[in-house]
K.L.:
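Questions regarding the structure given below will be posed in turn.
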Amino acid sequence: MYWNKLIETMGREEMTELQTKRLRDTVQRVYRQVPFYRNKMKAVGVLPEDITELDDVRKLPFITKQEMRDNYPYGLFAVPLTEIVRIHASSGTTGKPTVVGYTKQDIDIWAEVTARAFSYSGASKNSCIQIAYGYGLFTGGLGAHYGAELLGASVIPVSTGNTARQIMLMKDFGTTVLACTPSYALFIADTIREMGLDLSEFKLQAGVFGAEPWSENMRREIEARLGIKALDIYGLSEIIGPGVACDCLCQDGLHISEDHFYPEIINPVTGEVLPDGEKGELVITTITKEGMPMVRYRTRDLTMLNRSVCDCGRTLIRMGKVLGRSDDMLIIRGINVFPSQVESVLLSIGNTSPHYQLIVDREDNLDILTVLVEMNEEMFSDEVRGLEGLEQKIKAALSNVLQISAKVRLVSPKSIERSEGKAKRVIDNRNI
Ligand code: DLL
């Protein structure tokens, strides 16, 4: 049942001891090897010797995505390039990508944590895992691939795209576990229906979905449409890629592989560390990474931590489903709005498809939020009165949940652009 029982069920005291030792080693290493960290530590007057227990991590300064960009491409590497065996990069919205480098050991650890993640879904060497995350500079494809291979599963490295072929392979090869973004999983489900295929012709049992925020309602929708258990896998290139955390079949929070990634939650405005259970920004320190260690990386992802033992028996700390990113959070007329809140409302109402987009404009200094909602086929053929009623219903529910009014526009089926990777949920036309 467990992939790495020792770690997955380790007692808190023992885990703290392991983390403390690894944290100390990491801090010493970055101080010695990476001028950027040395300078930052010197600036706040902290030396590696000052880090003796786990909570001392709070003495260390944060690192941000901007600082990674400032050190483009290799400024944060802690080993010579000859020791780096893989480089990934994520494209930013502006300018240069952020670059990450892995040593051989880093790749092995990445495979270990991703294998763990797959195993949480019940996958094993008997599984057939179809990887429909993009292969390339994006960490999704290769990250999941190495984990699935380490697990001993039969891996189908199909990457994204060509959805009809994707589905044909899924059926013919007897795929049992699908790995892709949740929005792509939904697109695949839509396409299976359009192709007139019967789910009983498939062997699919579970999906390991991530790389973008998705709501609990979206999870239920995917589970119902594909007849599977849908699990949430979290990760980011800066830390390693997929596999930082993943939920188990209890679906009650994502187990963080905290023997490699030390998590904290902070108030995103003040930087103050928050207690377990409080919502804030996730900060991660890698405590085993060699190529490019990250000390107190501000992920911008909003979540909370839970240290209680899970019903599955795992003791690894759990993070809540990511609500959104602090930088994806829209501030509309002063109110914080997350795309995932809109998603949840739409799915609870029904009669629409879970494809939607938020458009924000500014007219006469006033923010206007318009939510485009795709109708499903049945609704589309309904009479106008029914549509108006639906529009009003969504509008009322949105204003109730978001605390601001939004315009709602029902659009015809399939008119919102589909994505094979991360979905584009927001178009912000304000120049701010
Ligand atoms: O998306 C790595 C990944 C690949 C994770 C495949 C899971 C599966 P980046 O492109 O660097 O890496 O994007 C990282 O995506 O900071 C979150 O904002 C978001 N994200 C990733 N997983 C989840 C998730 C990959 N399960 C950024 N829920 C992160 C919500 C997620 N957001």
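Both ligands and their constituent atoms are indexed starting at 1 by order of listing. What you see is a predicted model, and the numbers here were worked out from it, not measured in a lab.
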K.L.:
Using heavy atoms and a threshold below 4.0 Å, how should the contact between L236 and ligand 1 be classified: side chain, backbone, both, or neither?
P.N.:
both
K.L.:
Please work out which of G324, C246, G140, A179 has its closest non-hydrogen atom nearest to atom 4 (C) of ligand 1.
P.N.:
G140
K.L.:
Which of the numbered atoms in ligand 1 are below 4.0 angstrom from a heavy atom of G210?
P.N.:
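Going through ligand 1 atom by atom, the ones under 4.0 Å from G210 are 7 (C), 8 (C), 26 (N).
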K.L.:
Give the residue, atom name and distance (to 0.1 Å) of the protein heavy atom nearest atom 18 (O) of ligand 1.
P.N.:
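Ranking protein heavy atoms by distance from atom 18 (O) of ligand 1, first comes D301 OD1, 2.6 Å.
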K.L.:
Does this structure show an ion pair linking E417 with K424, if we count only N-O contacts that are shorter than 4.0 Å?
P.N.:
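Between K424 and E417 there is no salt bridge, as every charged N stays at least 4.0 Å from the carboxylate O atoms.
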K.L.:
Provide the number and element of each atom of ligand 1 under 4.0 Å from a heavy atom of Y133.
P.N.:
6 (C), 8 (C)
K.L.:
For Y146, is the NZ or CZ atom of R86 found under 6.0 angstrom from the centre of its six-membered ring and inside 45 degrees of the ring axis?
P.N.:
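So R86 does make the cation-pi contact.
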K.L.:
For atom 32 (N) of ligand 1, tell me which residue out of E212, R300, H88 has the closest non-hydrogen atom.
P.N.:
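Ranked by closest heavy atom to atom 32 (N) of ligand 1, first place is E212.
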K.L.:
Do E374 and R418 sit within salt-bridge range, that is, some charged N less than 4.0 Å from a carboxylate O?
P.N.:
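Result for this pair is yes, salt bridge flagged.
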K.L.:
Which bit of K422 gets closer than 4.0 Å to ligand 1, counting heavy atoms only: side chain, backbone, both or neither?
P.N.:
side chain
K.L.:
Do the charged groups of K104 and E83 touch, with an N to O distance under 4.0 Å?
P.N.:
no
K.L.:
Thinking salt bridges, do K5 and E8 make one under a 4.0 Å N-O criterion?
P.N.:
no
K.L.:
Give yes or no for whether the N/O distance cutoff of 3.5 Å, strictly under, is met between W214 and ligand 1.
P.N.:
no
K.L.:
What atoms of ligand 1 come closer than 4.0 angstrom to any heavy atom of P242?
P.N.:
2 (C), 3 (C), 4 (C), 5 (C), 6 (C), 7 (C), 8 (C)
K.L.:
Starting from atom 25 (C) of ligand 1, find the nearest protein heavy-atom neighbour and note its residue, name and distance.
P.N.:
G235 O, 3.6 Å
K.L.:
Looking only at non-hydrogen atoms, which of P213, A117, S237 approaches atom 30 (C) of ligand 1 most closely?
P.N.:
P213
K.L.:
Taking the six-membered ring for Trp, are H355 and F187 ring centroids under 6.0 Å apart?
P.N.:
no
K.L.:
Could you check whether D25 pairs with R22 (Lys NZ or Arg NE/NH1/NH2 to Asp/Glu carboxylate O, under 4.0 Å)?
P.N.:
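A salt bridge is absent here (no side-chain N lies under 4.0 Å from a carboxylate O).
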K.L.:
Against heavy atoms of F138, which atoms of ligand 1 measure under 4.0 Å?
P.N.:
1 (O), 4 (C), 10 (O), 25 (C)
K.L.:
Would you mind listing which atoms of ligand 1 come within a distance below 4.0 Å of any non-hydrogen atom of T139?
P.N.:
2 (C), 12 (O)
K.L.:
When you check the gap from the basic side-chain N to the acidic O, do R314 and D247 get nearer than 4.0 Å?
P.N.:
no
K.L.:
Do R298 and E281 meet the salt-bridge criterion of a basic N to acidic O distance under 4.0 Å?
P.N.:
yes
K.L.:
Return the closest protein heavy atom for atom 7 (C) of ligand 1 as residue, atom name and distance.
P.N.:
A211 N, 3.3 Å
